[in-house]
Amino acid sequence: MIPALGAQYLGAQLPGVDLVPATFNYAALSPILVVLGVATVGVLVEAFVPLRSRYAAQVGLTLAGLVAAFLLLVLLAVNHQTATAGLKVLGGAVLGSVIIDGPALFLQGTILVFAILGVLTMAERLGGVGADAFTPMGSATPGSGQEALALRAGSMTSEVFPLTLFAVAGMMLFPSAGDLLTMFISLEVLSLPLYLLTGLARRRRLISQEASLKYFLLGAFSSAFFLFGTALLYGYSGSVYLPDIAAAIPQGGSELNGLLVPGVFLVAVGLLFKVGAVPFHSWIPDVYQGAPTPVTGFMAAATKLAAFGAILRVVYVGIESARWQWSPAIAVVAILTMVVGAVLSVTQTDVKRLLAYSSIAHAGFILVGVLAFDRTGVSGVMFYLVSYGLTTIAAFAIVGLVRADGAEATHLSQWAGLGRRHPWTAGTFAFLLLAFAGIPLTSGFTAKFAVFEPALRSGATGTIMVVVGLLASAVTVFVYVRIIVLMYFTDSQNDAVAVVTPSVMTTIAITFGAAMTLVLGVWPTELLQLSASASQFLR
Amino acid sequence: MSLSHYIYLATILFSIGAVTVLLRRNAIIVFMGVELMLNATNLAFVTFARVHGTLDGQVIALFVMVVAAAEVVVGLAIIMAIFRARRSASVDSANLMKL
């Protein structure tokens, strides 16, 4: 029987409440706060700055904010401040809602770099008034008179830049969340703007809106699973702080013990959905195809990185000591992800869809590194995320430039013979594809080595996963080489397809991504050392 | 009535919500399924807060309500845009992209 609530609490102090004011280390939080602040200012710019100067104001503000946040982060990292916000120290364990430790700093810095590159590609105008990839008016029905009017009036959806910043803030918070509630909130903060960005493509809006709807419904569905898992883990341990959950696992024996494994699996559903691991991958191809191409590139790189950062923290800080109960299932997920991603990429005829399936396969490779359960695994995963993200942003930026009659020519047959007519673009794309395939002298090779090597040392399961991973890589090599052959050794039937000349912003993004793909393949030592020295979680 | 009944009720509500999402075709109803899942989770949180004698679970429930409201704003905007373009909110008619 539940006693009458009033009788117990009347006059008594509420249980479990000791009102210790939370301490905030604002310096450690400053990069996130700067991004959020600039995003809010961006909303005001949207309201008050006249239309003709709005594009320049938004792009300038967004880039300045991201660069400022990055510089603050570098300052923070140089001083080796590992700090937490909302800190309470109980019995030696560090409990914080936001934990800025080595991995958090590393991942946040990378997200900011991805965001800068992403915004540079999103801001591409190609001679138009507003950003070329985005519709002039999000609320107008595709093909309607209202849309034509909006276009003639020179309106644009420059609100994509504040939306991107809000997503970036959520992404920065996601891998540094020290409790499951903060993790859920940051998951939503990063997802909600992305749902909207997905639906704002200028061309093929019906597909774009469809992608937005699918992303939204499936994303909300999976975050509900994450939340119910959080509730079960809260029931299990009495706390949503990851170190508390870790501390509750060895005690065991209570009547709520049965909640641990279901809770872990439900939380895993939410996180694995975000990275696109296999039973939860169905949204990836549709969303990657439907979203505006620069958004796809940014999303593919940054969401994956943020979600894997959160997975690393949940695994290594929270639930590692119970790993015998859950890691076999996640290993199966990793194997399925690699196999399905690789095999289905063979049958694709759309470049964006093909890259989407390749991103699923890559999620599988990264999961192999997560399941290595040691520090080299963490640093390998972080290195992989950096190199994959840089390559991805550059690759999608190039996809956005290959056009037929103004619209993107994403069908593979349209890419035939591109290497003859546009040797630089096709050459760069071929190089990036080789990096996806993991050919030596590209960052893809170093990255695969960095995640497979710790997995090999971790035992029999790791070895099986690595073998499957190598076979899956071999399949993807076939896919990528087929595109290269198509670009260089096939005669084109279609002369309408051409590479448009981008502005300096997109050129910077592509050059940076491709150059880093080369640099991380040839001289990976610096970044490997950095990721190794940043791989210790604060717990 | 023991507290575990509330947990069973939360689980049942959550399952009903999940089944709604998977089986119903109207995007609005699918979305209602998601909301039911979130509210079932709130019930679980509050019950566990009672079990452990802490307030964390109740505070979390408030956070979840705010997030659910934000999700409604974004979700209905997307569904409205789709409905205007297609005159239908069925998730089956949104099928331009196939494997």
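Predicted, not measured: the structure shown is a model, and the values here were computed from it. Chain identifiers are assigned alphabetically (A, B, ...) following the order of the sequence lines, protein sequences preceding nucleic acid strands; residue numbering begins at 1 within each chain.
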Exercise. Between B:F45 and chain A, which part of the residue has a heavy atom less than 4.5 Å away: side chain, backbone, both or neither?
Worked result: both

Problem set entry | B:S4, part contacting chain A, at a heavy-atom distance under 4.5 Å | neither

Exercise. So what's closer than 4.5 Å to chain B heavy atoms on A:L227: side chain, backbone, both or neither?
Worked result: both

Exercise. Of the backbone (N, CA, C, O) and the side chain (C-beta and beyond), which part of B:A68 lies under 4.5 Å from a heavy atom of chain A, both, or neither?
Worked result: neither

Exercise. Is the closest side-chain donor-acceptor distance between A:S222 and A:K274 under 3.5 Å?
Worked result: no

For this session: Report the option among B:T11, B:T47, B:V67 that has the most heavy-atom pairs separated by less than 4.5 Å from atoms of chain A.
Result: B:V67

For this session: Please flag which part of B:L22 lies under 4.5 Å from any non-hydrogen atom of chain A: side chain, backbone, both or neither.
Result: side chain

Exercise. In terms of side-chain heavy atoms, does B:T54 have a donor or acceptor partner in A:Y234 at a distance below 3.5 Å?
Worked result: yes

Exercise. For B:R24, does the CZ atom have more than 12 heavy-atom neighbours from other residues, nucleotides or ligands under 6.0 Å away?
Worked result: no

Exercise. Where does A:Q209 contact chain B at under 4.5 Å (heavy atoms): side chain, backbone, both or neither?
Worked result: both

Exercise. Does the ring centre of A:F225 sit less than 6.0 Å away from the ring centre of B:F14?
Worked result: yes

Exercise. Highest number of heavy-atom pairs under 4.5 Å with chain B: which of A:L232, A:T198, A:L217?
Worked result: A:L217

